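So the structure is just underneath, and the comments pick up after that.
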Amino acid sequence: MIEIKNYINGKLVAPEKGNYLDNIDPALGSVYSKIPSSDGVDVEQAVSAAKKAFPSWSKLSNQKRYEYLNRIADIIDQNIDKLAAAESLDNGKPLWLATKVDIPRASSNFRFFATAILHFASESHEMREEAINYTLRHPIGVVGCISPWNLPLYLFTWKIAPALAAGNCVVAKPSEVTPMTAYLLSEICIEAGLPPGVLNIVHGLGQNVGEELVKHPQVKAISFTGGTQTGKKIASIAAPMFKKLSLELGGKNPNIIFNDCDYDLALKTSVISSFSNQGQICLCGSRIFIQKDIYDTFKNDFVTKVQRMKVGDPKEDTTRVGALVSEAHMNKVLEHIQIAKEEGGNVLCGGERVIVDGRCKDGYFVAPTVIEGLAATCQTNMQEIFGPVVTLIPFETEEEVLEYANCVDYGLSATIWTQDLNKATRMSNQIEAGIVWINCWLLRDLRTPFGGVKSSGVGREGGWDALRFFTEPKNVCIKYLP
Ligand code: NDP
């Protein structure tokens with residue numbers, strides 16, 4: 001059985017106290033590896049290694065840091081099949097999805113920020129004939145990166161790459177539910193010759209490793225992606241210590257379909273935006289609002305397509321819905337479906353656990369579920385489920401659907417389907433979300449600001465925003481002498 005190790009000061013090491021957790025294959029429902037259950041002692045070692053590495057890493061030329069990060073990207077590309085297989089096994093997602101999306105994006109993250117740092121610039125502000133201000137942007141020091149289980153390597157590297165590119169040293173904690181590709185990344189960093197201590201990866205539980213990292217006085221910034229409740233907890237510890245904080249939290253995103261949409265595209269993409277990665281993407285459009293004239297037709301066509309999606313073994317190319325990430329998460333999703341029924345929801349398809357034939361018979365599978373007949377303000381439509389569950393809600397006017405879209409605490413993303421550009425821009429101006437997709441979903445340009453408003457988080461990732469987050473600005477004002 002594989003025993004995952006921490007990556008501290010350039011070495012793969014066992015947790016100091018020798019404690020381990022089980023790592024479960026969610027498609028089989030059985031333990032397949034051991035993961036360190038690290039604690040404050042391991043975090044301390046990682047932080048001190050990062051601190052020691054910081055002076056030389058931060059002083060390296062951007063060109064040199066570019067070379068290291070690009071080398072890591074190259075090795076990820078060379079190992080795409082191995083990494084994708086590990087991601088699919090650890091998370092339950094279809095292998096084809098990990099191969100097509102997760103792992104290529106992880107190498108793009110490194111490549112993107114490797115090159116971005118070569119082009120990053122800071123401002124200068126001249127005060128006519130009197131003075132010139134210029135802004136320095138220095139790396140912060142040791143920073144903490146904490147990531148969730150839904151897109152394990154994809155989101156882990158999305159934080160680590162800009163932090164390293166900007167000259168920081170990192171202590172990172174992947175989700176204990178999906179640690180495997182982070183472990184493989186530590187092997188890749190060793191192969192790439194990354195200097196010891198520049199990146200440290202400590203595995204273990206959120207309450208132990210994550211919280212110790214957030215509390216640590218030498219960790220000057222925290223970049224976190226995960227649930228809103230965890231984000232609140234982290235903010236309550238980090239804010240009084242005046243740490244820089246980037247919080248990417250939950251979503252309950254509206255998918256708004258107007259009568260005048262490109263019908264086939266809206267239908268096809270809505271199936272994907274509802275159930276991709278088993279609905280476990282913070283950007284999934286879990287509330288589908290359909291304008292009255294096309295409601296019945298869209299509903300029938302949508303349900304027909306969803307019923308055709310194959311739920312099953314993540315290794316099979318024809319599988320569209322793999323396993324949920326854990327038994328606990330599957331039970332949480334099933335509880336939400338039960339609540340929806342109690343609230344008067346009509347389950348049009350799915351609604352239950354699926355027992356898959358063969359090797360996956362004990363895995364954590366839930367049928368893609370479509371529910372109608374619920375008010376926009378009921379619990380099901382207000383709380384994030386983060387699973388393969390969507391609701392359908394009819395609407396008549398723009399004003400009505402805007403009210404529905406904005407009535408939740410979350411504000412991460414929104415999708416709008418219409419061929420009327422005026423309507424699309426009117427809607428996007430008024431929707432409370434950090435990201436609006438018009439006639440598309442999850443079309444990502446890594447230069448754009450990524451993040452949410454309201455309970456979906458604070459700050460933006462991506463492009464210059466990420467490099468600005470991971471650097472501290474200092475203004476220097478020089479008076480012109482006569
Ligand atoms: P969690 O908030 O449970 O966990 C996220 C990470 O934080 C994990 O590594 C977790 O460790 C760690 N953690 C847990 N408790 C603490 C703590 N007290 N202090 C520090 N770290 C802690 O989220 P999930 O992993 O369940 O991920 C799902 C959530 O992530 C959903 O709400 C989803 O919407 C959100 N998400 C947001 C995205 C965005 O960009 N806005 C993108 C993807 C997901 P451990 O796993 O060991 O508990």
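Order of listing sets the numbers, starting from 1, for every ligand and every atom in it. Just so it is clear, the structure is predicted and the values come from calculations on it, not from any experiment.
- Taking every non-hydrogen atom of I146 and a distance limit under 4.0 Å, the qualifying atoms of ligand 1 come out as 6 (C), 7 (O), 9 (O), 12 (C), 20 (C), 21 (N).
- For ligand 1 and L155, the ligand atoms under 4.0 Å from any heavy atom of the residue are 42 (C), 43 (C).
- For atom 26 (O) of ligand 1, the closest non-hydrogen atom on the protein side is W149 NE1, 2.8 Å.
- Formation of a donor-acceptor pair under 3.5 Å by the N168 side chain with backbone atoms of F470 is found in this model.
- When each atom of ligand 1 is checked for a heavy atom of F224 under 4.0 Å away, the hits are 2 (O), 5 (C), 6 (C), 7 (O).
- At a 4.0 Å heavy-atom cut-off, ligand 1 touches I234 through the side chain alone.
- Taking the six-membered ring for Trp, Y68 and W57 have ring centres closer than 6.0 Å.
- With F469 as the aromatic partner, K244 meets the cation-pi criteria of under 6.0 angstrom to the ring centre and within 45 degrees of the ring axis.
- Of the protein's non-hydrogen atoms, the one nearest atom 47 (O) of ligand 1 is E176 CG, 2.7 Å.
- Scanning the protein heavy atoms around atom 48 (O) of ligand 1, the nearest turns out to be G206 N, 3.6 Å.
- Here the protein heavy atom with the shortest distance to atom 38 (C) of ligand 1 is C282 SG, 2.9 Å.
- In this structure a side-chain-to-backbone donor-acceptor pair under 3.5 Å is present from T369 to G351.
- The shortest heavy-atom distance from G231 to ligand 1 is not under 4.0 Å.
- In terms of polar-atom proximity, defined here as any N/O pair under 3.5 Å, G227 does make such a contact with ligand 1.
- Residue P174 places a heavy atom under 4.0 Å from ligand 1.
- Using modelled atom types and a 3.5 Å distance limit, the side chains of E44 and H216 yield a donor-acceptor pair.
- For ligand 1, the atoms closer than 4.0 angstrom to any heavy atom of G204 are 47 (O).
- Counting heavy atoms closer than 4.0 Å to ligand 1, residue V209 contributes nothing at all.
- Ring centers of W149 and F386: under 6.0 Å apart, within the cut-off.
- Residue-level proximity to ligand 1 for E384 is carried by the side chain, the only part with a heavy atom below 4.0 angstrom.
- Between F113 and W158, the two ring planes are tilted [angle within 30° to 60°].
- Considering T230, L247, N150, T225 only, the shortest heavy-atom separation from atom 5 (C) of ligand 1 involves T225.
- By the criterion of a heavy-atom distance under 4.0 Å, neither the backbone nor the side chain of L151 is placed next to ligand 1.
- Using modelled atom types, one finds no donor on one side chain facing an acceptor on the other under 3.5 Å when comparing T415 with N255.
- Side chains of T225 and K159: a donor-acceptor N/O pair is present below 3.5 angstrom, by distance only.
- Nearest to atom 20 (C) of ligand 1 among the protein's heavy atoms is G210 C, 3.2 Å.
- Residue contacts with ligand 1: G457 is excluded, as none of its non-hydrogen atoms falls under 4.0 Å.
- Looking from atom 37 (C) of ligand 1 to the surrounding protein, the closest heavy atom is L249 O, 3.1 Å.
- The shortest N or O to N or O distance between K173 and ligand 1 is under 3.5 Å.
- Of the heavy atoms in T228, none comes closer than 4.0 Å to ligand 1.
- The only option from N70, I76, L446, I72 that meets the side chain to side chain contact (heavy atoms under 4.5 Å, CB included) definition with R111 turns out to be N70.
- Considering both main-chain and side-chain atoms, V177 never comes within under 3.5 Å of ligand 1 through any nitrogen or oxygen pair.
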